[in-house]
2 protein chains.
Amino acid sequence: MAKIRLFVQGDLASKNIVELNFQQIHYLRNVMRLNPGDTITVFNGRDGEYHANIQELTKNKGNISISAQIKEQDSCPDVWLLFAPLKRDCIDLIAEKATELGASSLQPVNTRYTITTRVNVDRLTANAIEAAEQCGRLSVPEVKEARALESVIYNWNPARTLYYLDISETAEPIAEAFAKADKNTPSAFVVGPEGGFSEDERVMLAKCAFAKPISLGKRILRAETACFAALACWQSICGDWK
Amino acid sequence: MAKIRLFVQGDLASKNIVELNFQQIHYLRNVMRLNPGDTITVFNGRDGEYHANIQELTKNKGNISISAQIKEQDSCPDVWLLFAPLKRDCIDLIAEKATELGASSLQPVNTRYTITTRVNVDRLTANAIEAAEQCGRLSVPEVKEARALESVIYNWNPARTLYYLDISETAEPIAEAFAKADKNTPSAFVVGPEGGFSEDERVMLAKCAFAKPISLGKRILRAETACFAALACWQSICGDWK
């Protein structure tokens, strides 16, 4: 059974030939020391998972021949993660862990107290792809360009519940909020930066019928920890960990 | 309001003088540039949290005078985390996040497929202390010396439920297992290494009435992600996030 699993762009169907990109060529050839004829598995987020045989693998060119399907495409639960950009290590960790925890979309949002506004979407996408390859997902969460929180809220589709992590007394304990939720409602979380949301941002969120303040207890979690905790709780009660 | 928060060893009561260790002296003096007369807050895991005034702060000696109590001592929920040692970055992350997520004890356990058996208890303790200082906890989880899983199981007090993360079909979805649990029962999690538990280990665990297999869904979580997810779900349903 092949253990190497790659996310590819091309269409997957038996006998299709799919091109590999330079990173994949380097990985298969120089890191894993594979050769033409060796088998890997591939997915593309649309066609499920397939066995594939390496056809050509030179320094500059690599392609694979798709063979039998292993799994049909499934869908991840519809849950987005919105987060204030953090320093490099932490934001990389968010992309990796949120992918493992089944987020379907990653949206950096700039807030009043955000300390950094530079987000490298390509690097976050690479982290998400690597995590998806390792955790067995058949899809990679979409990593979006950073946007201002106000703009995201202004354009929000109210059919999607937006849970915001809040330390105020009125925030509902997370498991209670999820227990009440309609399990089929698309959901999202927004996690503020280290300094939390500003008073203006809290007022803005409180005015939105689709936005619900939730609490993760009294210990002050780092922003990335709050992201993991919220996604894990959601998957366990509303998502596909049931 | 002082924002610097330190974990100290000495007894806390108004007018007590508490010695600082060399790391704390360096931190207050060289990193935070504090001086005698400045105020910090301190906790020791027994006496709650107090304001304290720096009395002496030289290169080699530092002590503080304890003033008013800010918070009475509380107790964290009684939940332990047992985990197979991982490479350095990951195990550091476990100590930090498990502390934020309210674990009361951290026990490294060597299992059949554990890839590394070296555990630096002092470094893990330092990570746990730093996380406790930052997250507002009034206690620091105890970091224990690594032990063999068999030995830990053999000496287990059956009054404590031991949830083990398992990918088999018989494992119960995590939120369902917690919903049924008596909320006052002391709990623990054991998370295996990347290769999971061996067949022998699974058989051993399955024989223990106190051990319950739980599932975190079908995506294959990294060991450290599984630790965070299990603790977060437990706190939300059985712990103090209610």
Side-chain angles (χ1 to χ4, degrees), chain A residues 3 5 71 74 76-77 89-90 92-93 96-103 130-139 165 167 171-179 183 194 214-242, chain B residues 3 5 71 74 76-77 89-90 92-93 96-103 130-139 165 167 171-179 183 194 214-242:
Chain A
K3 286 213 171 169
R5 198 170 175 273
K71 282 183 197 163
D74 61 10
C76 259
D89 286 357
C90 299
D92 283 352
L93 213 53
E96 177 184 305
K97 302 299 178 212
T99 301
E100 291 177 61
L101 295 167
E130 194 181 330
E133 289 171 345
Q134 294 204 359
C135 78
R137 267 179 79 146
L138 294 176
S139 59
L165 300 196
I167 51 165
E172 190 166 29
I174 190 164
E176 290 174 27
F178 292 164
K183 306 295 180 278
E194 218 175 299
I214 53 171
S215 153
L216 293 173
K218 286 181 187 164
R219 286 176 293 277
I220 301 157
L221 302 184
R222 282 175 186 264
E224 72 275 12
T225 315
C227 291
F228 313 153
L231 282 170
C233 293
W234 189 88
Q235 290 290 7
S236 75
I237 298 172
C238 301
D240 65 2
W241 289 1
K242 287 171 299 179
Chain B
K3 288 211 170 170
R5 199 169 175 274
K71 283 183 197 161
D74 61 12
C76 260
D89 288 357
C90 299
D92 283 351
L93 213 54
E96 177 184 306
K97 302 300 177 211
T99 302
E100 292 176 60
L101 294 168
E130 194 181 331
E133 289 172 343
Q134 295 204 0
C135 78
R137 267 180 79 145
L138 294 175
S139 60
L165 300 196
I167 51 165
E172 191 167 27
I174 189 165
E176 290 174 27
F178 293 164
K183 305 296 180 276
E194 218 174 298
I214 53 171
S215 152
L216 293 173
K218 287 182 188 165
R219 286 175 294 277
I220 300 157
L221 302 184
R222 283 174 185 265
E224 72 276 14
T225 315
C227 291
F228 312 153
L231 282 170
C233 292
W234 189 88
Q235 291 290 6
S236 76
I237 298 172
C238 302
D240 65 2
W241 290 0
K242 288 170 299 179

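Note that this is a predicted model, so its numbers are computed, not measured. Side chains are part of it too, since the values below use all heavy atoms of this structure and drop only hydrogens, waters and symmetry mates. Letters go in sequence order (proteins before strands), and every chain restarts at 1.
Between the side chain of E100(B) and the backbone N or O of R222(A) there is at least one donor-acceptor pair closer than 3.5 Å.
A 4.5 Å side-chain heavy-atom check between I237(A) and I237(B) finds at least one atom pair inside the cut-off.
The heavy-atom pair separating W241(A) from P173(B) by the smallest distance is O-CB, 3.2 Å. Nearest heavy atoms, S236(B) versus A175(A): O-CB, 3.1 Å.
Looking at E172(A), there are no atoms closer than 4.5 Å to chain B (heavy atoms on both sides), in backbone or side chain. If you measure heavy-atom distances from L101(A) to chain B, the contacts under 4.5 Å come from both the backbone and the side chain.
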**Request:** Evaluate the criterion salt bridge (Lys or Arg N to Asp or Glu O under 4.0 Å) for residue pair R219(A) and D240(B); output intermediate values, then yes/no.
**Result:** CA-CA 10 Å; R219(A) 286 176 293 277; D240(B) 65 2; 2.9 Å; yes
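Atom NZ of K218(B) is separated from atom CZ of R137(A) by 15.0 Å, given to the nearest 0.5 angstrom.
Of the listed residues G217(A), A179(A), G136(A), S215(A), the one with more heavy-atom pairs under 4.5 angstrom with chain B than any other is G217(A). Chain A forms the most heavy-atom pairs under 4.5 Å with one residue out of T225(B), L221(B), L93(B), and that residue is T225(B). The residue among A131(A), C135(A), A232(A) with the most heavy atom pairs within less than 4.5 Å of chain B is C135(A). Contact tally against chain B (heavy-atom pairs below 4.5 Å) for A230(A), A229(A), A132(A): the top residue is A229(A).
Other residues, nucleotides and ligands contribute over 12 non-hydrogen atoms within 6.0 Å of the CD atom of E176(B).
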